[in-house]
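Chain A is the first sequence line, chain B the second, and so forth, proteins listed ahead of strands; every chain is numbered from 1. Because only heavy atoms are used, hydrogens play no part in the values below, and waters and symmetry mates are left out as well, while side chains stay in.
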Amino acid sequence: MKPISFVQRMFREYYMRDYSLSSSLLMIDRREFGFALFEGWMLRHKSFKHSDELKEFLQSSAPSDAYCSCAYYENPEADMDKKGWLGADLIFDIDADHVPTSCKKVHDTWVCGSCGFGGKGGVPEKCPVCGSEKFNVKTWPCEVCLNSARAETVKLLDMLMEDFGFSKSEVYVFFSGHRGYHVHVEGEAVKTLDAVARKEIVDYISGLGFDAVFHGVSRKSWRRTHVLSSPSLNNLGWSRRIAKGIYDFILNAEKEDLTSIGLKRNVVETILKNKDTILKSWKGSWTLGAVKGVGFETWRRIILSCAQQQSAKIDTVVTTDIHRLIRLADTLHGKTGLKKAEFPASAIDDFDPFKSAVAFKKGVVTVFVSDAPEFRLGDEVFGPYKERKVDLPTAAAVLLICKGRAEVVG
Amino acid sequence: MQLATTKFTKNDLAKYPFLKETTEYVKKLDLKIEDLANPEFAKILERAEERVEEAILYALVSRKLRNEDIETLSFPTATMLAVATENSFIKKRYALAEAKQAYNDMKLEPKEKILAIAQNFKWKLTVNNDAEIPYEFTLHFTDYLRNTTHLREKKWKLVNRLLSKGNVYLTRNEAARLLSEEVRKHIEKRLEVKELPKLPQKIMETAEKIKKLSVEKIGKAEMEGFPKTIVQTAFPPCIQALYQAFSSGRHLSHVGRFALTSFLINIGMPSEKVIELFKNFSDYNERMTRYQVEHIAGERGSRTRYIPPKCETLKTHGVCTSPDELCKILHHPLAYYRRKVKTAKTDFQN
């Protein structure tokens with residue numbers, strides 16, 4: 001038995017037995033669907049009248065990946081320029097690939113497609129041996145990476161709810177099924193926003209174009225510079241975020257943090273020596289100019305770096321693309337066999353993707369594992385494995401096969 | 001507490017002739033296009049002509065509120081004149097001038113009137129009653145974005161605004177400024193006429209007069225094309241970096257590839273040559289590359305030639321890496337190129 005057909009068989013079983021369409025997919029008949037098939041090609045411009053029709057399709061074709069447009073169209077099946085765009089959900093993608101973590105060195109590997117040379121961690125621009133740029137990359141959905149993506153998602157959700165004022169019933173949060181999180185905002189207010197308006201939202205969330213001058217820090221009276229002129233402003237928008245950021249930054253600042261944002265040595269020393277004075281004066285009267293030698297330009301830099309820390313690292317292209325296809329909720333991810341799983345925004349701190357997204361809950365499969373790091377699914381920890389035969393629960397076996405690290409022993 | 005909206009007076013209708021209420025009032029007067037040719041309506045046509053002329057000359061339209069009906073009726077007549085010129089510069093200029101004047105008037109109005117005008121455009125504008133926040137209005141961010149994304153000043157960037165619970169805080173001046181943007185768009189839309197209806201001789205003659213004036217004032221639009229030869233030293237830093245990465249076959253992001261391809265096409269590189277460049281890539285696929293490049297060049301599909309994204313968009317997607325002095329005053333990679341080629345030329349001539 002070939003490994004691929006085993007995975008496809010398991011996917012089909014999932015769509016026959018366990019799959020049900022999430023209720024959050026509004027106006028299903030107005031959306032475009034796309035599928036990546038195990039046979040190796042991509043199907044696009046599909047549409048379905050209702051969820052049963054979609055379900056039947058998933059059961060008969062058992063695709064490796066299923067996508068659906070964020071956009072609504074008059075004719076979802078027509079060519080791109082004849083579809084008749086009616087509007088689109090506002091979507092966000094946070095992927096661990098965009099968030100640097102140190103653990104990638106441990107679990108991500110790459111092999112040069114031309115000469116076979118390989119290494120660990122981030123993929124180089126060019127193969128150091130032959131100069132080729134084609135690599136076979138093996139990544140791993142690890143908990144550390146996913147936790148850092150989750151932290152970015154928490155920041156994003158805070159902005160969506162507090163600043164943009166979206167209600168819980170408009171914001172849907174998902175584990176993507178692989179290395180990140182998706183957030184969908186559905187609602188009349190955002191539906192017709194064009195790409196330029198969405199770009200402005202992206203800039204807001206990633207802090208691009210941020211200038212402290214517009215958040216209460218002024219050059220004219222820097223001796224009495226007020227970051228926030230009153231406690232009530234303290235609780236709003238980016239100003240609140242910066243206020244929080246300044247406190248955390250100064251409190252935890254080490255020499256390296258300060259030099260890395262481009263401050264001169266004497267300024268760094270002054271800040272480190274007077275940490276307490278700065279924080280006390282800031283907390284007491286929202287004054288930044290308490291210490292001589294730490295002036296407007298210094299604060300501007302510090303605040304800019306605070307803005308960087310407080311911003312959420314989202315994929316800028318996904319949100320600004322008003323025709324984007326995004327993974328369909330509750331379908332399986334072809335790289336993991338995990339499902340794209342929805343959970344309430346309020347539960348994000350306790351959400352466990354390696355439990356909630358597990359689709360296969362029964363059975364044991366014998367596989368030969370070439371190489372796999374230690375990993376957890378549900379409450380069980382597996383591996384690390386290297387060149388050995390092992391009996392695994394279906395979900396763990398499917399994960400390893402999908403990641404190209406194991407084969408079924410038939 | 002929401003303030004009750006005030007009713008518009010006849011004076012308001014003359015001052016803000018783009019309001020729905022004004023249109024309804026005009027309808028009641030039941031004036032026909034043909035009537036405008038009659039001598040008794042000469043004053044209206046005269047005033048309408050003056051409106052468009054002032055727009056061309058000063059980018060402002062004065063207000064003559066002594067005779068309210070003439071003032072009110074001269075607006076739809078002026079839009080008709082602008083339409084009759086079939087000249088996109090005059091149309092844009094007229095919409096801009098009316099909007100600028102509306103801004104000057106609106107910023108002096110009491111809050112209630114500003115609210116009423118906003119309501120006319122279905123804006124979610126409310127009065128801010130939180131005494132601790134020094135702004136007079138709040139506006140829903142969707143209305144805000146629809147009217148600010150093309151404004152370049154940094155203070156309009158959403159990230160530099162106070163945004164809370166879906167609302168952006170605005171001063172009275174700012175609210176008036178954004179409303180005037182809405183007015184400009186509204187008038188521009190009214191001037192968008194695909195096919196010119198049959199208009200009385202008198203109107204067409206006046207339109208001709210206006211066209212002549214605009215040619216005198218503005219001169220023949222200097223539609224400066226790009227030079228035939230490609231001057232690589234005039235590439236903006238972002239394109240230069242992309243081009244270098246590209247020529248050495250390094251990986252480029254999707255946005256990066258699009259920016260570079262559309263840039264090269266627009267400065268006159270033939271698509272064959274661009275396709276040739278792509279051969280350096282390890283994932284080169286002739287059929288796919290040809291399809292994409294020719295699409296961008298407008299030789300296939302929708303037949304529109306794409307232009308590269310503006311600087312702000314390139315910033316969003318991390319393509320703008322090391323802007324230089326010239327970047328600070330320009331907002332588009334093509335503008336940069338055009339400017340630099342021009343200065344390089346004059347340097348050479350001197």
message: For the residue pair A:K83 and A:Y73, would you count it as a cation-pi contact if the rule is NZ or CZ under 6.0 angstrom from the ring centre and within 45 degrees of the ring axis?
response: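 Flagged: A:K83 positioned over aromatic ring of A:Y73.
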So for [X], is it side chain, backbone, both, or neither that comes closer than 4.5 Å to the heavy atoms of chain A?
| X | result |
| --- | --- |
| B:T313 | both |
| B:H150 | neither |
| B:R146 | side chain |

message: Just by distance, no angles: are the side chains of B:Y306 and B:N266 close enough, under 3.5 Å, to form a donor-acceptor pair?
response: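 Looking only at side-chain atoms, B:N266 and B:Y306 do not form any donor-acceptor pair under 3.5 Å.
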task: Taking the side chain as every heavy atom from C-beta outward, state whether B:I296 and B:R305 have any atom pair closer than 4.5 Å.
output: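 A side-chain contact under 4.5 Å is absent here.
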message: Checking an interface table here. Which of residues 312-324 of chain A come within a heavy-atom distance under 4.5 Å of chain B?
response: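 Listed by number: A:T316, A:V317, A:T320.
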task: Just jot down the salt bridge (Lys or Arg N to Asp or Glu O under 4.0 Å) partners of B:K124, sequence neighbours excluded, or say none.
output: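 Residues passing salt bridge (Lys or Arg N to Asp or Glu O under 4.0 Å) with B:K124: none at all.
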Set of residues satisfying salt bridge (Lys or Arg N to Asp or Glu O under 4.0 Å) with respect to A:R198, sequence neighbours excluded: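 If we apply the salt bridge (Lys or Arg N to Asp or Glu O under 4.0 Å) test to A:R198, skipping adjacent residues, there are no hits.
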field: Proximity of A:F164 and A:Y204 rings by center, below 6.0 Å
entry: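 Yes: the rings meet the under 6.0 Å criterion.
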message: Using 30° and 60° as the class boundaries, would you call the ring planes of A:F210 and A:H215 parallel, tilted or perpendicular?
response: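 A:F210 vs A:H215 ring planes: parallel.
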Partner set under side chain to side chain donor-acceptor pair (under 3.5 Å) for A:Q310, not counting sequence neighbours: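 Residues passing side chain to side chain donor-acceptor pair (under 3.5 Å) with A:Q310: none at all.
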query: Checking heavy atoms, do the side chain of A:M80, its backbone, both or neither come under 4.5 Å from chain B?
result: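 Contact with chain B: none, neither part.
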query: Among A:D194, A:I205, A:L160, A:T192, who wins on heavy-atom pairs under 4.5 Å with chain B?
result: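 The candidate making the most pairs under 4.5 Å is A:T192.
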